[in-house]
**Q** 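Sharing a structure here in structure tokens format.
Keep in mind the model is a prediction, meaning the values are calculated, not measured.
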Amino acid sequence: MTIQGYDPLSKLLHWTMAAVIIYATLAGYIMHLVVDNKALFSLLSTLNISLATIATPLFIVRFIWRFFRNTPELPSSVSKLQKNAAKFIHSLIYLMMFLVFSSGFLMLEKSYFLFWMFNVPNLLDNQPVNEFFFMVHRGSCATLAVLFTLHATAALKHHFFDKDDVLKLMLPKMLYVRKTRAVKFPKNNQSTYIYTGYRELIVNLTYQYTMKKSAGFLMSTPDNLKETPATK
């Protein structure tokens with residue numbers, strides 16, 4: 001069965017953004033636990049904002065590309081309610097990603113180094129405004145984490161419990177397509193004819209052999225039935 005999944009660009013953007021979201025979510029909460037460790041906090045902070053800087057244009061490309069790509073149909077086993085719920089969750093995920101990225105930059109009170117190489121200035125120097133966007137960032141990150149978990153759980157549920165191809169639509173083909181040697185089957189159901197022909201041949205040979213043995217037995221005369229010479 002051929003699975004018409006998403007195009008390679010959509011898959012690349014999807015899994016790249018998924019990796020960034022997973023890391024940023026984990027790093028964001030870990031940073032709260034290592035505030036006293038300035039070296040580790042600085043490392044996670046710089047890496048977090050640097051990845052966000054790279055992921056922001058990718059997010060814009062992904063959002064625009066979704067209006068031009070061919071979206072594959074979900075399996076017929078997926079109900080209309082599930083399809084509508086999936087579209088709603090996807091829309092919320094895009095909204096939360098936009099809020100996370102935008103508030104993440106607007107909450108910065110000072111410049112940062114992009115992967116410890118280039119100095120990137122902050123956009124706002126107003127502390128009350130920075131604090132507001134910090135609260136927006138925290139709330140949107142938590143909401144995105146919940147939506148991401150629901151999205152991933154639903155995909156795994158379709159794959160392991162419903163046994164459909166929803167997850168495979170976004171997976172690289174190399175992960176689910178097995179290379180098998182091509183086998184050419186006879187057309188017009190010739191395999192059935194060949195099997196039937198061999199069966200009839202065996203039956204005919206068995207019948208002829210049986211009839212030949214029977215004829216030989218009937219043509220032979222038992223010793224006890226042979227004529228004896230007349231007694232004089």
Side-chain angles (χ1 to χ4, degrees), residues 6 10-63 65-66 85-161 166-167 170-172 175:
Y6 287 91
S10 295
K11 293 179 180 180
L12 177 62
L13 293 173
H14 176 273
W15 292 111
T16 302
M17 297 302 299
V20 172
I21 290 174
I22 292 173
Y23 167 79
T25 302
L26 295 177
Y29 286 102
I30 293 175
M31 287 169 61
H32 290 284
L33 302 177
V34 296
V35 176
D36 297 332
N37 190 336
K38 294 183 179 181
L40 181 58
F41 183 87
S42 177
L43 172 66
L44 294 175
S45 178
T46 302
L47 188 57
N48 200 348
I49 191 64
S50 298
L51 288 175
T53 304
I54 300 299
T56 299
L58 294 179
F59 166 73
I60 298 174
V61 171
R62 184 187 180 193
F63 180 76
W65 177 243
R66 70 191 298 262
K87 292 180 180 179
F88 179 69
I89 295 296
H90 288 162
S91 299
L92 288 180
I93 289 177
Y94 275 104
L95 176 60
M96 289 302 108
M97 290 173 66
F98 170 76
L99 290 178
V100 167
F101 289 132
S102 59
S103 62
F105 292 111
L106 294 174
M107 75 177 188
L108 295 176
E109 298 179 359
K110 57 182 180 180
S111 61
Y112 66 93
F113 282 92
L114 179 63
F115 293 110
W116 300 275
M117 294 185 296
F118 308 104
N119 187 32
V120 181
N122 58 318
L123 300 177
L124 295 174
D125 289 323
N126 191 318
Q127 185 174 358
V129 177
N130 295 139
E131 292 178 354
F132 168 76
F133 281 110
F134 174 72
M135 298 302 297
V136 173
H137 186 73
R138 291 186 63 179
S140 57
C141 282
T143 305
L144 180 60
V146 173
L147 294 175
F148 182 85
T149 303
L150 289 175
H151 177 68
T153 302
L156 294 176
K157 179 252 185 186
H158 279 286
H159 186 72
F160 291 105
F161 292 95
V166 171
L167 180 59
M170 192 55 78
L171 288 177
L175 296 181

**Q** Hey, what do you get for CG (L95) to CG (L144), rounding to the nearest 0.5 Å?
**A**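 L95 atom CG to L144 atom CG measures 10.0 Å (nearest 0.5 Å).
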
**Q** Could you tell me whether the side chain of V20 reaches within less than 4.5 Å of the side chain of F59, counting heavy atoms only?
**A** no

**Q** Rounded to the nearest 0.5 Å, what separation is found between the OG1 atom of T25 and the CD1 atom of I30?
**A** 10.5 Å

**Q** How far does OG of S103 sit from CG of L108, to the nearest 0.5 angstrom?
**A** 9.5 Å

**Q** Report, as yes or no, whether the 6.0 Å neighbourhood of atom CG on N119 holds more than 12 heavy atoms from other residues, nucleotides or ligands.
**A** yes

**Q** Provide the closest heavy-atom pair for N130 versus D125 in the form atom of the first, atom of the second, distance.
**A**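 Taking N130 first and D125 second, the nearest heavy atoms are OD1-C, 4.0 Å.
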
**Q** Around Y23, counting heavy atoms of other residues, nucleotides and ligands shown, do more than 12 lie under 6.0 Å from its OH?
**A** yes

**Q** So, does T149 use its side chain to make a donor-acceptor pair with the main chain of A145 at under 3.5 Å?
**A**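 A pair under 3.5 Å: yes.
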
**Q** Measuring only between side-chain heavy atoms, which start at C-beta, is T53 closer than 4.5 Å to V120?
**A**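 In short, these two side chains do not touch, never coming nearer than 4.5 Å.
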
**Q** Main chain of L43, side chain of T46: is a donor-acceptor contact present, judged purely on distance under 3.5 Å?
**A**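 No, T46 side chain to L43 backbone: no donor-acceptor pair under 3.5 Å.
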
**Q** In terms of the angle between their ring planes, are H151 and H90 parallel, tilted or perpendicular, with boundaries placed at 30° and 60°?
**A** perpendicular

**Q** Between K11 (side chain only) and L171 (backbone N and O only), is there a donor and an acceptor less than 3.5 Å apart?
**A** yes

**Q** So do V136 and M107 actually touch side chain to side chain, heavy atoms under 4.5 Å?
**A**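 Of all side-chain heavy-atom pairs linking V136 with M107, none is under 4.5 Å.
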
**Q** Determine, stepwise, if the pair I89 / L147 fulfils side-chain contact (heavy atoms from CB on, under 4.5 Å).
**A** CA-CA 7 Å; I89 295 296; L147 294 175; 4.2 Å; yes

**Q** For residues M96 and F148, determine if any side-chain heavy atom of one lies less than 4.5 Å from a side-chain heavy atom of the other.
**A**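 Not in contact.
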
**Q** To the nearest 0.5 Å, what is the distance between CG on L44 and OH on Y29?
**A** 15.0 Å

**Q** Looking at S50 and F113, what are the two nearest heavy atoms and their distance?
**A** OG-O, 3.5 Å

**Q** So L106 and V129, do their side chains get closer than 4.5 Å, heavy atoms only?
**A**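 No, every pair of side-chain atoms sits at 4.5 Å or beyond.
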
**Q** Quick one: pull up CZ in F98 and OG1 in T56 and give me the separation to the nearest 0.5 Å.
**A**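 Result: 10.5 Å between the selected atoms.
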
**Q** At what distance, to the nearest 0.5 angstrom, does OG of S102 lie from CE of M97?
**A** 11.5 Å

**Q** Check whether any side-chain heavy atom of F105 sits under 4.5 Å from a side-chain heavy atom of I49, and report yes or no.
**A**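 Counting from C-beta outward, F105 and I49 do come under 4.5 Å.
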
